[in-house]
Amino acid sequence: MKTDILLGLQWGDEGKGKVVDVLAPQYEIVARFQGGPNAGHTLEIQGKKHVLHTIPSGIFHNKIMNVIGNGVVIDPISFVEEVKGIEALGIDICKRLILSKRAHLILPTHRLLDASSEALKGKEKIGSTLKGIGPAYMDKTGRNGLRVGDMLEKDFAARYASLSGKHQQMLALAKYEYDRKAFEESEKKWMECVNFIRTMMIMDTEYFLNDALKAGKKILAEGAQGSLLDIDFGSYPFVTSSSTTCAGACIGLGIAPRNIGEVEGVFKAYCTRVGSGPFPTELLDDIGEKIAQIGREFGSTTGRKRRCGWLDLPALKRAIMLNGVTRLDMMKIDVLNEFEEVKVCTHYMVDGKQTDQLPYNLSTEIKPVYKSFKGWGKLPDISSYDKMPAELKEYIQYIEKAVEVPIKLLSVGPDRSQTLIR
Ligand code: GDP
Ligand code: IMO
Ligand code: MG
């Protein structure tokens, strides 16, 4: 059996959590492969909203095992809070959730280092979620990090103290001031949460996942963030610190490329971005504001307002190319219902030349070239694609032709039920 991958093709928040929840019944295992509590994946089930940060979005299905892969970074405090929140709903989460021994840990000092780094950057700051993601991945690649499996070793406390001490020296060098008392309390809480995690299922998940594939089980790999935030291919340095593209699923789970099946790319019918960095089709006018209001474009993790703009086809095509996307999911179509005109960026003008490739430096002056579509108005019931308004079909067909990948799922509202699968 193969592993299918589901990932975001824009700047995150495309609606990945919703789609994973909708598709999960077709799988036996859902596995997160990168990112950490910077993610906020929203699921709406029978009118009730749930936001997941580190826990995979298959958690609300009772027959599905959920795996947090080695590529994820875990903050014990926010993770245990999330676990308790789900337990409070009467779900026996510890029976459905497995953690990789190789996943790295976010320390309280990683969060302080994240804040310190942003403060030093001043106006140039990345707009990080301040969850300690960058510093935790830096310790991973710098070969200093602590992993979930280390919690089970006798010298864990000493190793923690050594790494935390090193971080505190770095904070002192940067002259970063922080509340010592609050920090000491967070360290205490962190250790309590580590003790709780020790009681959970901790495994060499690469064996668990590959054994499952051999046994004919289907796995869905769930990405966090989006391709334009990828450490290599995103709008660097305004990116996150992990590989958000398809290759990240192989590294972040221990699954070989030949065991990958479908690659499902999720995108909004328009674009959003939260945090700093270039955004060629950003709308700084009333239209952008209207999309933000109707789409309730506020970050699921930080509550920050998301910047909004029209769909960017050059960026979408590049993400499809990098990921080898085989099918597409178009989200938040309903948000554009009220617009009389909907636009799509088909090309850019860079240095007076028309191109559909993203320049190396996205911050250079890029003038988007738009194609205009007539709005589709109110949507009928979503029981069949045939019933969809002709204007919407035209919009969809144009995108499919331009990107050469079929759009298989249409989402017209946040709830599980507001989904049309073609
Ligand atoms: P993720 O990070 O990719 O999982 O996406 P987020 O959960 O951060 O952001 C997507 C937001 O849009 C959430 O608030 C969802 O509930 C909501 N959403 C998802 N699909 C739709 C849709 O088709 N229509 C509308 N109006 N909202 C949607
Ligand atoms: P999901 O999985 C949207 C953005 C931050 C910031 C940059 C770096 O919900 O789609 P980081 O904290 O990772 O160092 O921040 O990346 N960012 C996201 N934007 N959705 C996300 O996740 C994001 N995770 C990080 O806003 O610009
Ligand atoms: Mg999100």
Side-chain angles (χ1 to χ4, degrees), residues 8-19 21-23 41-49 226 265-274 279 281-300 305-313 315-316 327-346 368 370-403 405-422:
L9 298 178
Q10 297 163 322
W11 278 289
D13 302 329
E14 296 89 350
K16 300 173 291 292
K18 168 179 167 167
V19 183
D21 174 59
V22 167
L23 301 180
H41 295 183
T42 315
L43 285 60
E44 270 195 43
I45 306 167
Q46 289 166 343
K48 195 165 173 0
K49 184 169 157 177
V266 187
F267 72 104
K268 280 177 183 161
Y270 48 94
C271 272
T272 63
R273 171 163 207 169
V274 61
F279 181 176
T281 62
E282 181 170 16
L283 290 162
L284 296 164
D285 56 10
D286 291 352
I287 301 176
E289 189 59 34
K290 191 170 161 188
I291 297 178
Q293 291 307 324
I294 301 176
R296 299 208 190 124
E297 295 295 356
F298 295 91
S300 317
K305 198 165 175 220
R306 296 178 185 144
R307 300 150 65 191
C308 296
W310 294 121
L311 184 64
D312 182 337
L313 283 185
L316 187 64
R327 55 190 190 205
L328 288 166
D329 304 332
M330 186 156 101
M331 312 299 290
K332 304 195 87 159
I333 296 172
D334 54 300
V335 174
L336 300 182
N337 286 1
E338 285 180 29
F339 289 78
E340 280 175 18
E341 181 189 36
V342 174
K343 287 189 187 176
V344 169
C345 165
T346 56
Y370 291 105
K371 179 173 164 59
S372 178
F373 291 82
K374 194 165 176 287
W376 43 81
K378 206 167 167 281
L379 294 174
D381 80 86
I382 51 156
S383 56
S384 93
Y385 182 69
D386 292 341
K387 288 188 193 158
M388 286 291 160
E391 294 85 354
L392 175 60
K393 284 186 189 158
E394 198 185 313
Y395 186 68
I396 289 172
Q397 277 158 15
Y398 181 84
I399 297 166
E400 284 183 320
K401 202 161 167 233
V403 304
V405 179
I407 298 175
K408 292 281 187 193
L409 183 148
L410 311 183
S411 177
V412 296
D415 200 82
R416 246 186 204 174
S417 61
Q418 292 167 304
T419 316
L420 192 158
I421 298 177
R422 286 165 84 191

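Just so you know, these numbers use all the heavy atoms, side chains as well, and skip hydrogens, waters and symmetry mates.
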Would the distance check show the side chain of Lys290 and the main-chain N or O of Phe339 forming a donor-acceptor pair, the cut-off being under 3.5 Å? no

Residue set satisfying side-chain contact (heavy atoms from CB on, under 4.5 Å) with Asp381, at least two apart, ordered chain then number -> Ser383, Lys387

Pair Glu400 + Arg422: basic N to acidic O under 4.0 Å: yes

Between atom CE of Met388 and atom CH2 of Trp376, what is the distance when rounded to the nearest 0.5 Å? 11.0 Å

Heavy-atom side-chain contact between Asp21 and His41 under 4.5 Å: no

Can you confirm whether Lys49 is buried at NZ, in the sense that more than 12 heavy atoms of other residues, nucleotides or ligands lie under 6.0 Å from that atom? no

When you measure from the side chain of Asp13 to the backbone of Arg273, do you find a donor-acceptor pair of N or O atoms at a distance under 3.5 Å? no

Side-chain contact test, heavy atoms from C-beta onward, threshold under 4.5 Å: evaluate it for Met330 versus Phe267 and give yes or no. yes

Are Thr419 and Leu409 packed together at the side-chain level, in the sense that at least one heavy-atom pair is separated by less than 4.5 angstrom? yes

Kindly indicate whether the side chain of Trp11, heavy atoms from C-beta on, has any atom under 4.5 Å from the side chain of Val274. no

Given side chains that start at C-beta, do those of Glu297 and Lys268 come closer than 4.5 Å, heavy atoms only? yes

Any side-chain heavy atom of Gln10 sitting closer than 4.5 Å to one from Leu311? yes

Which residues pass the side chain to side chain donor-acceptor pair (under 3.5 Å) test with Asp329, sequence neighbours left out? none

Rounded to the nearest 0.5 Å, how far does NZ of Lys18 lie from OG1 of Thr42? 11.5 Å

Return yes if some donor-acceptor pair links the side-chain N/O of Tyr395 with the main-chain N/O of Ala269 below 3.5 Å, else return no. yes

Are Asp312 and Phe279 packed together at the side-chain level, in the sense that at least one heavy-atom pair is separated by less than 4.5 angstrom? no

Can you confirm whether Ser411 sits close enough to Ile333 that some side-chain heavy atom of one is under 4.5 Å from a side-chain heavy atom of the other? no

Who passes side-chain contact (heavy atoms from CB on, under 4.5 Å) against Leu284, sequence neighbours left out? Glu282

So with a 6.0 Å cut-off around CD of Glu338, is the heavy-atom count from everything else above 12? no

